[in-house]
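Being a predicted model, the structure only gives us computed values, none of them experimental. Excluded from the calculations below are hydrogen atoms, water molecules and symmetry mates; all remaining heavy atoms, backbone and side chain alike, are included.
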Amino acid sequence: MATAAVAPPLYASSSSSSFSTKLGSPNKPLFNNIFFLRPPLPSTKLKTTTPRLSVSAAATTAVELGQAPQSSTPAKTLPFRVGHGFDLHRLEPGYPLIIGGIDIPHDRGCEAHSDGDVLLHCVVDAILGALGLPDIGQIFPDNDPKWKGAPSSVFIKEAVRLMHEAGYELGNLDATLILQRPKVSPHKEAIKANLSALLGADPAVVNLKAKTHEKVDSLGENRSIAAHTVVLLMRK
């Protein structure tokens, strides 16, 4: 015959014999020396909470109230900033080829609204990017007649001014030119010296490299020129 399972007690006694004695004594309280193992019931005390809005909800609410939305975190003054710049121009006959402010002899040059200096343009974009500012096309739009044929040194001087105004100086700069022809090596030192002067930086912190594109696509077919630049800005 199956025996019914007995549920384990929810309590324990300090002494089993004491428990038996008290169980058989009607004049003594049954629960003396019994320790209950059941956990205490959770508190039913009500807590007052203040509802919190998410950042997006707070911004939406501010707009609905006619207030300007504010950032959820205060602006930080960073000890350094990193920026990357890129530029590419089509090469066409009848234009000068200017790289880093230096006129490079070639049978074609950059077709652009300004002088088409691909290196200076990407350096400007790198500095603006590090500062968290709009790109060169927004600050110096190519549909503005006053920038028609303008030397790119104007753009880089403005970028340097903004850099100093924000309290930063150039830590170092690394640039890479990509073009199939002409060879940049004979002009590299002149380009580097002029770029350093425009930046007001020691030439030791300005690096310039040049690569071909292994005759692949427009860069490798001498139909375009490109440049990449990375800058590190240090807090003064």
> For residues 169-209, which residue pairs qualify under ring pair (Phe, Tyr, Trp, His ring centres under 6.0 Å), counting only residues two or more places apart or in two chains?
Replying inline: none
> side chain to side chain contact (heavy atoms under 4.5 Å, CB included) between Leu97 and Leu91: does it pass, once the steps are laid out?
Replying inline: CA-CA 8 Å; Leu97 179 60; Leu91 292 173; 4.0 Å; yes
>> So which atom in Thr229 and which in Ala175 form the shortest heavy-atom distance, rounded to 0.1 Å?
In response: OG1-CB, 3.6 Å
> Closest approach of Phe86 and Ala226, non-hydrogen atoms and distance?
Replying inline: CE1-CB, 4.0 Å
Please examine the side chains of [Y] and [X], heavy atoms only from C-beta on, and report whether any two atoms are closer than 4.5 Å.
X	Y	answer
Ile191	Val184	yes
Leu173	Val205	no
Pro182	Ile104	yes
Leu78	Tyr168	yes
Asn172	Val231	no

>> Enumerate the side-chain hydrogen bond (donor to acceptor under 3.5 Å, both in side chains) contacts for residues 102-111, please, sequence neighbours excluded, ordered by first and then second residue.
In response: Arg90-Glu111, His106-Asn222
Would you list the atom pairs, donor with acceptor, under 3.5 Å between side chains in residues 209-217 and any protein atom, with sequence neighbours excluded?
{"from": "Lys209", "atom 1": "NZ", "to": "Asp174", "atom 2": "OD1", "distance (Å)": "2.8"}
{"from": "Lys209", "atom 1": "NZ", "to": "Asp174", "atom 2": "OD2", "distance (Å)": "2.9"}
{"from": "Lys209", "atom 1": "NZ", "to": "Thr176", "atom 2": "OG1", "distance (Å)": "3.1"}
{"from": "His213", "atom 1": "ND1", "to": "Val216", "atom 2": "O", "distance (Å)": "3.1"}
{"from": "His213", "atom 1": "ND1", "to": "Asp217", "atom 2": "OD1", "distance (Å)": "3.2"}
{"from": "Asp217", "atom 1": "OD1", "to": "Leu219", "atom 2": "N", "distance (Å)": "3.0"}

Could you tell me which residues satisfy side-chain hydrogen bond (donor to acceptor under 3.5 Å, both in side chains) with [X], sequence neighbours excluded, listed by chain and number?
X	value
Arg235	none
Ser196	none
Asn194	none

> Restricting to pairs with a member in residues 149-169, which pass salt bridge (charged side-chain N to carboxylate O under 4.0 Å, His left out), not counting sequence neighbours?
Replying inline: Glu158-Arg161, Arg161-Glu165
>> Can you pull out every salt bridge (charged side-chain N to carboxylate O under 4.0 Å, His left out) where at least one residue sits in residues 186-201? Sequence neighbours excluded, please.
In response: none
>> I'd like to check the ring-ring contact (aromatic ring centres under 6.0 Å, His included) partners of His164; sequence neighbours left out, ordered by chain and number.
In response: none
> Looking at residues at least two apart in the chain, or sitting in another chain, which of them share a side-chain contact (heavy atoms from CB on, under 4.5 Å) with Ala150?
Replying inline: Trp147, Phe155
Distance-only criterion, 3.5 Å: show the donor-acceptor pairs between side-chain atoms of residues 116-140 and protein atoms not counting sequence neighbours.
{"from": "Asp117", "atom 1": "OD1", "to": "Gly100", "atom 2": "N", "distance (Å)": "2.9"}
{"from": "Asp117", "atom 1": "OD1", "to": "Leu119", "atom 2": "N", "distance (Å)": "3.3"}
{"from": "Asp117", "atom 1": "OD1", "to": "Leu120", "atom 2": "N", "distance (Å)": "3.2"}
{"from": "Asp117", "atom 1": "OD2", "to": "Gly100", "atom 2": "N", "distance (Å)": "3.0"}
{"from": "Asp117", "atom 1": "OD2", "to": "Gly101", "atom 2": "N", "distance (Å)": "2.6"}
{"from": "His121", "atom 1": "ND1", "to": "Asp87", "atom 2": "OD2", "distance (Å)": "3.2"}
{"from": "His121", "atom 1": "ND1", "to": "His89", "atom 2": "NE2", "distance (Å)": "3.2"}
{"from": "His121", "atom 1": "NE2", "to": "Ser114", "atom 2": "OG", "distance (Å)": "3.3"}
{"from": "His121", "atom 1": "NE2", "to": "Ser152", "atom 2": "OG", "distance (Å)": "2.8"}
{"from": "Asp125", "atom 1": "OD1", "to": "Ile136", "atom 2": "N", "distance (Å)": "2.8"}
{"from": "Asp135", "atom 1": "OD1", "to": "Gly137", "atom 2": "N", "distance (Å)": "3.0"}
{"from": "Asp135", "atom 1": "OD1", "to": "Gln138", "atom 2": "N", "distance (Å)": "3.1"}

> Where do Leu177 and His228 land on the side chain to side chain contact (heavy atoms under 4.5 Å, CB included) test, with the steps shown first?
Replying inline: CA-CA 7 Å; Leu177 287 166; His228 289 268; over 6 Å; no
>> For residues Ile225 and Leu88: do they belong to one hydrophobic cluster (side chain heavy atoms under 4.5 Å, members Ile, Leu, Val, Met, Phe, Trp, Tyr)?
In response: no
> Shared ILVMFWY cluster between Leu195 and Ile98, side chains joined below 4.5 angstrom?
Replying inline: no
> Mind checking who shares a hydrophobic cluster with Val230, ILVMFWY linked at side-chain heavy-atom distances under 4.5 Å?
Replying inline: Phe80, Val82, Leu232, Met234
